[in-house]
Structure formats: C-alpha cells, structure tokens
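Below: the structure, in structure tokens.
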Amino acid sequence: MRPRTWVLLLAALFALMQLATVEGRDTPDSKNYVSYALSLTGADKREAAAATIDHYCSGKAAMAHRAQLVDVVRFHAPDPAPQVFEECREQEWRQVEARLAAGDTAGHTVPFMPERFMRIFEVRPGYPLVLAPFVALLGVTWGVWTAGVLITCAGGVLAYLVLRTLAAPVPLALTGMALYLVLPCGTTAMRPMTEGLMLALTLAALWGCALVLGGTRPRAGLALVGGALVALFTVKHSQALFLGACLAAAGVAVAVRRRGRGMPAGRGPVALAAVACAGALGTVLVSRLLDYPSMSESVQDLLTDHFARPDREQPWAEFFQLQGNFWTEWARRQLWEPFLLAALAAGAWGALRRPAFGVFLAAAACTGFLNQAGHPDINIWGDRLITVAWLLPVLGVPLLLEPVLRRAVVPAQGAPVEPVG
C-alpha cells in the first residue's frame with residue numbers, strides 16, 4: 001500500500017480505539033475551554049453553563065459507573081451514575097449562579113472560578129476557536145471527542161512528516177506516528193485541553209526546522225516555524241515563549257558548534273535562531289501590551305490554590321522551595337518507574353543520528369520540563385504538563401532504529417539495499 005494509505009489506516013484505527021471512552025476525559029479546566037467554545041458559537045452565559053455542566057457531570061457519572069462495575073465490594077450495587085450526575089450538577093450550578101448573580105459576566109468563559117483565575121483562560125482563544133465549529137455541529141459530547149481525535153491524529157501525521165523530511169524510511173516514519181498515538185502524547189492530546197494543539201504546533205515548528213536544515217524548502221520552513229509560534233501564542237502564550245527561546249538557543253548552539261569545528265555556521269541554524277528569537281521577544285512584548293497574566297500571577301495562583309487564599313507576601317521564596325521539593329519527589333517517582341527516563345535516553349541517542357536537528361528536537365522537548373517547572377504541583381492529573389518532552393522519543397526512537405532497518409532490508413543476493421522510501 002502507499003504510505004498515505006498506511007497513515008490513514010493508523011489514524012482510523014486510533015479513532016476506533018477512542019470510541020471506547022467518549023466521555024470522562026475532562027479535567028476541571030476543561031469546563032473553561034468548552035464554555036469558551038460555546039460562547040463563540042453564540043450561546044449566552046446560561047446556555048453555555050448548562051451545556052458545559054451537563055457534559056462535565058456526564059463524564060463524572062460515566063467514570064463512576066465504570067468504577068462501580070469493577071468494585072469488588074459494590075459491583076452488584078445500584079448504578080451510582082444518576083446520583084453522581086445530580087450532585088455534580090447541583091454543585092457546579094451553585095457556584096456559577098452565585099457568581100452570575102454577583103455580576104461576574106464579563107469575558108467568554110462561564111465563571112466557574114473567581115474572575116482572577118478565569119482571566120488565565122480568557123487569553124487562550126486558540127483551542128476554543130478550533131473546538132467551536134465541532135460543538136456547534138455535533139453537540140458538546142461528540143464535538144469535543146471528534147475535535148480531540150482530529151487534533152491528535154494531526155499530531156501523529158506531523159510526526160510522520162518530520163521523519164520523512166529527515167529522510168527516514170517510510171516504516172520508521174510510520175513508527176513515529178504510532179509512537180505519538182500510543183505514548184502519553186496521544187492520551188494527553190485527546191483531553192479537552194490545550195496540550196493537543198501545543199503538541200501539534202510544536203511538531204509543526206520542528207517540521208519547519210527539518211525543512212530549513214535539510215535545505216529543501218528553507219523559506220517554507222522558516223514560515224512554518226514563525227506561523228507555529230504565532231498560533232501557539234493564541235493557545236498558551238507561555239509555551240510560545242518557551243519554544244521560541246529554546247529553538248533560538250538551539251540555533252545558536254548549532255552555529256557555535258559548527259564554528260568551533262572550523263565549519264561554516266550555515267544560514268539555516270542562524271535563520272532559525274533569528275525567527276525563534278523574534279517569536280520569543282514578540283510573545284513578551286505582545287503579552288505585556290495586552291496585559292496578559294504574568295509569571296508572578298501564575299505563581300500566586302499556584303500557591304493560593306487558585307486564589308482561594310490570600311496572596312503570598314514572599315511568593316518567589318516559597319516557589320523556589322517548592323521547586324526543590326517537587327523535583328526531588330519527581331525524580332524519586334521516575335526512578336521507581338523509569339519508563340520516561342528510558343524513553344528520553346533512547347530518543348536522545350536516536351537524535352544524535354541527525355546532530356543539527358537533534359539539538360532542535362532536544363530544545364523543543366525541554367519546553368516540557370520548563371512548563372512543568374512553572375507549575376510544580378505533583379498532583380496535576382496525568383503528568384500532562386511535561387508531555388511535550390515525549391516528542392524526543394517519538395522522533396528519536398525511529399531514528400535510533402534506522403540502522404537496524406537498513407541491515408534487515410537485504411535482497412536475495414545478500415547485498416544491502418537503499419532504505420524504503
């Protein structure tokens with residue numbers, strides 16, 4: 001079959017697998033994005049609140065039902081889903097009604113939390129804009145699910161395109177796509193959150209880097225990197241800053257390394273560094289002009305449990321103390337179950353096979369650690385903040401396997417053949 005057929009088959013298989021869990025993927029923050037998307041379709045605050053609350057509480061009820069079925073003590077008890085749904089609905093409406101009655105009706109999101117907290121989501125229109133047409137056409141449940149499948153599959157296709165641009169054989173490019181879908185990247189991208197688009201846009205930027213470094217379509221590659229950073233700004237501006245800064249550092253590192261070896265730096269790394277630096281600086285300037293929430297505000301949000309407590313007088317001292325505690329515990333857990341560490345090591349080893357691109361790949365993966373460092377909360381569900389780091393094994397492991405495939409593809413005469421594709 002043609003490569004595109006295999007790509008479509010992988011995407012279709014992934015979509016079929018996701019039918020096993022249509023509801024129950026939401027996090028508490030998902031309510032903010034869904035209500036934002038509904039407001040973009042023309043729903044007023046109460047309509048958006050009703051649809052969002054019903055969707056969120058249906059998910060909680062579905063999870064309660066599935067948990068009860070496998071509870072060794074209560075599996076024969078009555079279905080708890082109806083009660084869970086009603087209790088959840090009552091609790092959510094109580095909070096929303098109180099804030100609506102107090103006049104908290106500004107912005108696109110429904111006031112599930114204090115206005116100061118909701119401001120964080122008001123400046124992230126990217127994901128709600130993508131989600132809006134799906135919820136308008138298919139309703140909230142199937143609209144959210146369909147958008148998740150398409151966003152996740154788009155990330156998988158981008159992983160395939162990056163590897164093909166790096167001249168990886170078709171089987172290995174398909175392996176990269178499959179890894180993206182089955183590793184935590186795919187799981188996280190399916191949640192109604194910004195991470196799916198963040199991953200896809202990061203891969204788009206890496207594709208642009210591959211195009212520039214390969215010299216095939218440098219202008220298109222630079223435009224792709226710049227466009228990805230602009231789009232990422234609308235999804236989560238802090239991630240646009242991290243990615244721009246890290247890619248700029250990668251470009252400088254590649255150029256300096258080449259100079260140190262007596263080689264010309266090349267236009268590609270320098271141009272990529274310039275575009276990425278412009279993206280990072282543009283993010284800082286525009287976010288200040290638009291009065292977006294700052295890092296200090298994010299730290300206060302973290303330390304006050306979403307502004308439920310008074311602001312800290314010395315937030316940075318507490319923040320850095322928490323950093324030390326967090327990474328110590330994080331390292332302990334990773335050593336206990338070292339799958340991520342092993343995957344990162346394998347990905348880094350494979351990235352060395354494309355040294356210049358490997359530096360940009362490692363830089364993009366580092367944004368996952370920076371994102372996690374900005375939110376050192378060990379209880380955040382599913383390690384979703386660090387998920388961009390998984391792009392290192394997604395792209396690096398297929399490159400690591402390339403010599404194995406080359407040795408395996410042997411003609412009948414016993415001589416090696418050219419890589420597939």
Side-chain angles (χ1 to χ4, degrees), residues 3 6-7 10 155-189 199-200 202-216 221 225 243 246-247 249-251 253-254 257-258 261 266 268-269 272 334 337-370 383 386-410 416-421:
W6 283 110
V7 169
L10 276 177
V157 171
L158 284 165
Y160 172 88
L161 292 172
V162 172
L163 289 166
R164 290 297 292 144
T165 302
L166 296 171
V170 170
L172 294 182
L174 292 170
T175 299
M177 179 179 178
L179 285 173
Y180 181 87
L181 297 176
V182 302
L183 288 175
C185 302
T187 304
T188 303
L199 287 163
T202 302
L203 281 167
L206 287 172
W207 186 22
C209 293
L211 289 170
V212 173
L213 295 172
T216 53
V225 173
L243 184 60
C246 286
L247 293 182
V254 171
R257 179 175 176 271
R258 288 179 176 179
R261 294 190 171 190
L272 285 170
Q334 295 306 315
E337 297 180 275
F339 180 48
L340 173 58
L341 297 180
L344 290 174
W349 189 3
L352 292 175
R353 294 187 55 79
R354 302 289 193 282
F357 177 80
V359 174
F360 283 92
L361 173 57
C366 280
T367 65
F369 288 92
L370 290 174
D383 297 328
I386 207 170
T387 190
V388 179
W390 284 98
L391 294 183
L392 183 57
V394 164
L395 299 177
V397 168
L399 296 175
L400 180 63
L401 297 175
E402 191 172 9
V404 178
L405 181 64
R406 289 181 185 277
R407 289 193 295 267
V409 181
V410 179
V417 298
E418 293 297 321
V420 178

Which atom of [X] lies closest to which atom of [Y], heavy atoms considered:
{"X": "Phe360", "Y": "Ala250", "answer": "CD2-CB, 3.7 Å"}
{"X": "Ala159", "Y": "Leu395", "answer": "O-CD2, 3.8 Å"}
{"X": "Leu166", "Y": "Arg354", "answer": "O-NH2, 2.9 Å"}
{"X": "Val225", "Y": "Cys209", "answer": "CG2-N, 3.8 Å"}
{"X": "Leu243", "Y": "Ala205", "answer": "CD2-CB, 4.1 Å"}
{"X": "Val394", "Y": "Cys185", "answer": "CG2-SG, 4.0 Å"}

Report the distance from atom [atom1] of [X] to atom [atom2] of [Y], rounding to the nearest 0.5 Å.
{"X": "Leu247", "Y": "Leu206", "atom1": "CG", "atom2": "CG", "answer": "6.5 Å"}
{"X": "Thr202", "Y": "Leu361", "atom1": "OG1", "atom2": "CG", "answer": "11.0 Å"}
{"X": "Leu344", "Y": "Ile386", "atom1": "CG", "atom2": "CD1", "answer": "8.0 Å"}
{"X": "Gln334", "Y": "Leu341", "atom1": "CD", "atom2": "CG", "answer": "5.0 Å"}

With sequence neighbours excluded, tell me which residues meet side-chain hydrogen bond (donor to acceptor under 3.5 Å, both in side chains) with Thr187. none
Are the side chains of [X] and [Y] in touch, meaning some heavy atoms are under 4.5 Å apart?
{"X": "Pro3", "Y": "Arg164", "result": "no"}
{"X": "Leu340", "Y": "Pro184", "result": "no"}
{"X": "Leu213", "Y": "Leu272", "result": "yes"}

Atom pairs and distances, side-chain donor-acceptor, residues 169-180, under 3.5 Å, sequence neighbours left out:
unit_1, atom_1, unit_2, atom_2, d
Thr175, OG1, Pro171, O, 2.8

Evaluate side-chain contact (heavy atoms from CB on, under 4.5 Å) for Leu10 paired with Val7, printing each intermediate quantity in order. CA-CA 5 Å; Leu10 276 177; Val7 169; 5.9 Å; no
Take atom CH2 in Trp390; do more than 12 heavy atoms of anything else shown fall under 6.0 Å from it? yes
